[in-house]
Amino acid sequence: MRVGLGRDLHRLVKGRRFLLGGVEIPAKRGEAGHSDGDVLAHAVCDAILGAASLGDIGGLFPPSDLEWKDADSMDLLRCAFAMVKKAGWKLSNLDCVVCCEEPKVLPFRDDIRRSLADALEVSVDRVFVKGKTGEGLGPVGKGRAVEALVVCLLEGQNEKD
Ligand code: MG
């Protein structure tokens, strides 16, 4: 078994969509980024890639590469997971924290869990998502950024539950 950690932060700006794990949430500001800016999808990519020692999202899908401009981050996640699977791993579970002042994550939690679980080919009970605020402090607390933290556990495809 392998544990992995992912973390990402994106600035929040007007005129962009607010996406978490492939789910669009109505909000006044959305995530800036070279891709679609989905901060949670990026942190999940880094967690699973790190657990499998396969690199990180910045190295595999560099922002300098025009191919990834406005990319659907869930496509990046599916691509990263395909590499993880090819290396002999499957996901045991994923636990995520999303930190932002607004919008509220809770009403969309189950949609996000389902979206991530589908991409990672597990049942929804193996994926959890929590929302936290920044208590008015720092870039997250001032509403200028959204941050995602993710831990995952991978297990060898032949290991029993
Ligand atoms: Mg990112």
Side-chain angles (χ1 to χ4, degrees), residues 4-51 55-84 91 93-153:
L5 169 67
R7 181 260 182 189
D8 198 20
L9 179 143
H10 280 239
R11 287 184 301 115
L12 291 173
V13 294
K14 290 201 167 130
R16 294 275 299 184
R17 296 187 297 158
F18 190 99
L19 293 161
L20 290 178
V23 174
E24 184 167 353
I25 299 177
K28 291 186 206 128
R29 293 161 189 257
E31 296 134 318
H34 182 70
S35 66
D36 64 13
D38 188 331
V39 70
L40 180 56
H42 295 179
V44 174
C45 275
D46 269 352
I48 63 171
L49 288 169
D56 61 49
I57 189 170
L60 292 172
F61 314 109
S64 56
D65 189 336
L66 282 179
E67 187 179 348
W68 310 117
K69 176 145 174 54
D70 300 323
D72 180 337
S73 295
M74 292 303 284
D75 285 342
L76 306 187
L77 178 56
R78 281 184 279 269
C79 183
F81 184 61
M83 294 172 58
V84 169
L91 182 71
N93 81 300
L94 191 72
D95 193 19
C96 312
V97 181
V98 176
C99 306
C100 60
E101 291 308 281
E102 58 178 33
K104 290 277 174 241
V105 173
L106 185 59
F108 301 91
R109 166 192 279 169
D110 289 341
D111 290 341
I112 299 166
R113 292 175 66 202
R114 264 191 298 275
S115 173
L116 290 172
D118 284 351
L120 299 169
E121 301 174 11
V122 290
S123 55
V124 72
D125 63 304
R126 288 176 181 265
V127 176
F128 206 72
V129 178
K130 300 176 287 287
K132 299 280 171 190
T133 71
E135 294 284 337
L137 299 170
V140 169
K142 304 287 183 205
R144 294 202 287 265
V146 54
E147 182 177 26
L149 304 160
V150 174
V151 289
C152 74
L153 191 70

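One is the number of the first residue; the rest follow in order along the sequence.
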Measure the spacing between [atom1] of [X] and [atom2] of [Y] and express it to the nearest 0.5 Å.
X	Y	atom1	atom2	result
L149	R7	CG	CZ	7.0 Å
E147	K132	CD	NZ	13.5 Å
S115	L77	OG	CG	8.5 Å

**OP:** Determine which pairs satisfy salt bridge (Lys or Arg N to Asp or Glu O under 4.0 Å) with at least one residue from residues 9-24, sequence neighbours left out, and list them in order.
**Re:**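 Qualifying pairs: R17-E24.
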Original post:
salt bridge (Lys or Arg N to Asp or Glu O under 4.0 Å): which pairs involve residues 107-116, sequence neighbours left out?
Top reply: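 Only D110-R113, D111-R114 qualify under salt bridge (Lys or Arg N to Asp or Glu O under 4.0 Å).
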Minimum heavy-atom distance [X]-[Y], with the two atoms named:
X	Y	value
V146	F18	CG2-CZ, 4.1 Å
P26	P103	O-CB, 3.8 Å
L49	G55	CB-O, 3.3 Å
V13	A32	CG2-CB, 3.9 Å
M74	G22	CG-CA, 3.5 Å
F61	A80	CZ-N, 4.4 Å

Original post:
Run the side-chain contact (heavy atoms from CB on, under 4.5 Å) check on I48 and L120 step by step: do they pass?
Top reply: CA-CA 10 Å; I48 63 171; L120 299 169; 4.1 Å; yes
**OP:** Report the C-alpha separation of D38 and L76 in whole Å, then their side-chain angles, then the decisive distance to 0.1 Å, and conclude whether the side-chain contact (heavy atoms from CB on, under 4.5 Å) test is met.
**Re:** CA-CA 10 Å; D38 188 331; L76 306 187; over 6 Å; no
By side chain to side chain contact (heavy atoms under 4.5 Å, CB included), which residues pair with [X], not counting sequence neighbours?
X	answer
L153	M1, V3, S92, N93
D8	H10, V39, H42, A43
R144	K142
E102	K28

Original post:
Counting only heavy atoms not in K130, do more than 12 fall under 6.0 Å of its NZ?
Top reply: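 Yes, enclosed.
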Close side-chain approach of [X] and [Y], heavy atoms under 4.5 Å:
X	Y	result
M83	L60	yes
I112	V98	no
L19	E31	yes
L40	V23	no

Subject >> side-chain contact (heavy atoms from CB on, under 4.5 Å) evaluation trace for F108 with V129 >> reply: CA-CA 10 Å; F108 301 91; V129 178; over 6 Å; no
**OP:** Measure from the side-chain N and O atoms of D56 to the backbone N and O of D46, and report whether any donor-acceptor pair falls under 3.5 Å.
**Re:**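 Absent.
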Original post:
Checking D95 side chain against V151 main chain: does a donor-acceptor pair fall under 3.5 Å?
Top reply: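 Side chain of D95 to backbone of V151, a donor-acceptor pair under 3.5 Å: no, none is there.
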